[in-house]
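This report refers to the structure that appears directly beneath it.
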Amino acid sequence: MSGKFLSFLSSVTITKKKETVAILAWAILQNSTNWLIDSLISDRPPGEGVVGIFDSDEEDDDFYDAMDDSTSSQNKEPPVVTNNGVVESEPEVEDTSSVPDTTLSVLGTSRKRRLRIPDKPNDKANLWNIMKNCIGKELSRIPMPVNFNEPLSFLQRLTEDMEYSDLLTKAAESASVEEALSYLSALAVSSYATTSTRTSKPFNPLLGETFEYDRSADLGWRSLAEQVSHHPPVSALHVEHPKWTYYHDFSMTSKFRGKYLQVFPIGVSHFIVKDTGHHYTWNKVCTTVHNIIVGKLWVDQSGEIVVKEHSTGANARVKFHPYSYFSRDTPRRVTGGVFAPDGTPRYELNGTWDSSMSCAEVLSADGDDAWETTEAVPRWEKNAPLEEADKIYYFTSMACTLNETEEGVAPSDSRNRPDQRLMENQNFPDANQMKVKLEEAQRARRREREARIAAEGPSAKYQPKWFVKKVCEITGEEIWRFTDEYWKCKETQSWSRCPSLYEEDSTT
């Protein structure tokens, strides 16, 4: 175990040592039974963490553990790769009082969009100090400070899958299904690009929380995400473009195996080309967080993404190769191919999930491995990181725009979260207090809802406001589908259906 942890254990009584270890185990399992673990250490160098996803337990409390920076690691860590940035814009002017004027840029005819957020303060938190203060307290009532967060909600992080949305447009405009599959494979890989450097967890969405992102003025699409379920936690996303539609919902299961944690996403991404009606689906791969107890925390991806067009049967397969200490292969390597309906390989795919992917047309094939191809051409390359990205949570340019204040959005929008806004503005003490108040208010709403269900029956259960559960005609599985009502309500500013989430005394 790490020296810091052993020193800490030696400072407590024998009786409390058992309780301390129990708290540590609970902190790890808390993350393993929720979204992605985001075990952070206050003094760990950037780039040695894992992308944080929201968690949720029976009482809506947050507890994320922080691991010690040990110079002796049991597992060799892959090279650290810098984060990405992307030039983005969106209509509407926002308050930038806390951001220097030099961080704004005009893109096209759209609104000014900031390219940075306020630098994070040098306000460190450490798991061991938190654990000391937690001894003797009820485990389900231990709040985790915002020091371990980034100033974004998971719904906003979910929308970041659209950072390379131009790949979807290229897929919709492709001359063949196989060519489109090569672009969609690149998009599926690109969603993991920031996980090697983004080490802070996003805020957990409250039940009924929403996030809209209207990029129709410059990128041609607009999206809406909603937290549709809390037990189990499920987030739904719908994106609309004149040429295509994209939607998915996200949940997960996980397994904690002592030294590492495996996270298995649940849900299928759907992409529909409006002109042709071609319907594509794909899955996500397993995320593994290594060195949970000892050593430097690092993340790896493994498994296979299968992208399929359902009317023709053409498909693409992309394998994420797990990192191995004994292998000389490039870390974070991905390989695969695009196959015609009869199984004939059409394109060969190669790259790394944190930087780029290339595509080469197959001229001839002799078995599964012996392919003669043309010269490879890029399908996707990660955008360059922002200057001094480590000071802004390794945010990309797109990430910097997600939490800008904007008039006219729903009251339940993530931009309106007071704890998240306070944190972005570097006010961590007030952000922590507000976070606790919002969590207590959500518990109160849940208790009242359970009382109504007991009195009135299942009809009193919570119903999402903008999504409805349907059976997918392609996969036969249940999926949350957008009702197409949000944007109509925004035009008239009719928000009566929205729950009041950001007031501590609210029980709506």
Quick one: does [X]'s side chain have a donor or acceptor within less than 3.5 Å of a partner on [Y]'s backbone?
X	Y	value
Q493	K490	yes
D249	W480	yes
Q227	S229	yes
E226	W466	yes
D354	S196	no
T374	E361	yes
D214	S216	yes

Could you report the tightest heavy-atom contact between [X] and [Y], atom names first, then the distance?
X	Y	result
F428	N147	CD2-ND2, 3.7 Å
G208	S412	O-CB, 3.7 Å
S191	K284	OG-NZ, 3.6 Å
Y192	T195	O-OG1, 2.8 Å
N350	T335	OD1-CG2, 3.3 Å
F250	P265	CE1-CB, 3.9 Å

query: What about the rings of H248 and Y246, do their centers lie closer together than 6.0 Å?
result: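 Between H248 and Y246, the centre distance is under 6.0 Å.
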field: Ring center gap for W495 and Y486 short of 6.0 angstrom
entry: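 Yes, the ring centres sit under 6.0 Å apart.
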Please identify each residue that fulfils side chain to side chain donor-acceptor pair (under 3.5 Å) with [X], with sequence neighbours left out.
X	result
E240	H238, T245, K274
S153	E209
Q426	none

Taking side chain to side chain contact (heavy atoms under 4.5 Å, CB included) as the test, write out the residues that go with [X], two or more places apart.
X	value
E388	R116, D390, K391
E160	L152, R157, E163, R198, T396, A399, L402
T288	Y260, Q262, C286, H290, S302
S190	Y164, L187, W380

task: Kindly indicate, with the supporting measurements, whether the criterion side-chain contact (heavy atoms from CB on, under 4.5 Å) is fulfilled by W244 and I272.
output: CA-CA 6 Å; W244 48 263; I272 301 172; over 6 Å; no
task: May I have the step-by-step check of salt bridge (charged side-chain N to carboxylate O under 4.0 Å, His left out) for R415 and E406, ending in yes or no?
output: CA-CA 8 Å; R415 299 175 181 89; E406 183 174 331; 3.5 Å; yes
message: side-chain contact (heavy atoms from CB on, under 4.5 Å), that's the test. Do L349 and V334 meet it? Break it down for me.
response: CA-CA 8 Å; L349 307 173; V334 294; over 6 Å; no
For the residue pair [X] and [Y], establish whether any side-chain heavy-atom pair is separated by less than 4.5 Å.
X	Y	answer
Y347	E179	yes
K435	V146	yes
Q420	N403	yes
L206	Y502	yes
P151	I117	yes
L168	Y183	no
W221	M162	yes
S397	L386	yes

Between [X] and [Y], does at least one N-O distance fall below 4.0 Å, as a salt bridge requires?
X	Y	value
K243	E173	yes
R421	E424	yes
E404	R113	yes

Could you tell me the separation between the [atom1] atom of [X] and the [atom2] atom of [Y], rounded to the nearest 0.5 Å?
X	Y	atom1	atom2	result
F211	L237	CZ	CG	10.0 Å
F467	T210	CZ	OG1	9.5 Å
F320	T287	CZ	OG1	9.0 Å
S414	Q156	OG	CD	4.5 Å
D413	T405	CG	OG1	11.0 Å
M423	E150	CE	CD	8.0 Å

Stepwise side-chain contact (heavy atoms from CB on, under 4.5 Å) check, L261 with K255: CA-CA 6 Å; L261 170 73; K255 293 182 179 180; 6.0 Å; no
Which residues pass the salt bridge (charged side-chain N to carboxylate O under 4.0 Å, His left out) test with [X], not counting sequence neighbours?
X	value
E304	R317
D419	R417
K465	none
R222	none

field: Residues that H270 engages under ring pair (Phe, Tyr, Trp, His ring centres under 6.0 Å), provided they are two or more places apart
entry: Y247, H279
- request: May I have the step-by-step check of side-chain contact (heavy atoms from CB on, under 4.5 Å) for Y280 and L181, ending in yes or no?
  value: CA-CA 8 Å; Y280 302 83; L181 285 166; 3.6 Å; yes
query: Taking the six-membered ring for Trp, are Y393 and F395 parallel (under 30°), tilted (30 to 60°) or perpendicular (over 60°)?
result: tilted
- request: Report yes or no: do S355 and T352 form a side-chain donor-acceptor pair below 3.5 Å?
  value: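 Yes - a donor-acceptor pair under 3.5 Å links their side chains.
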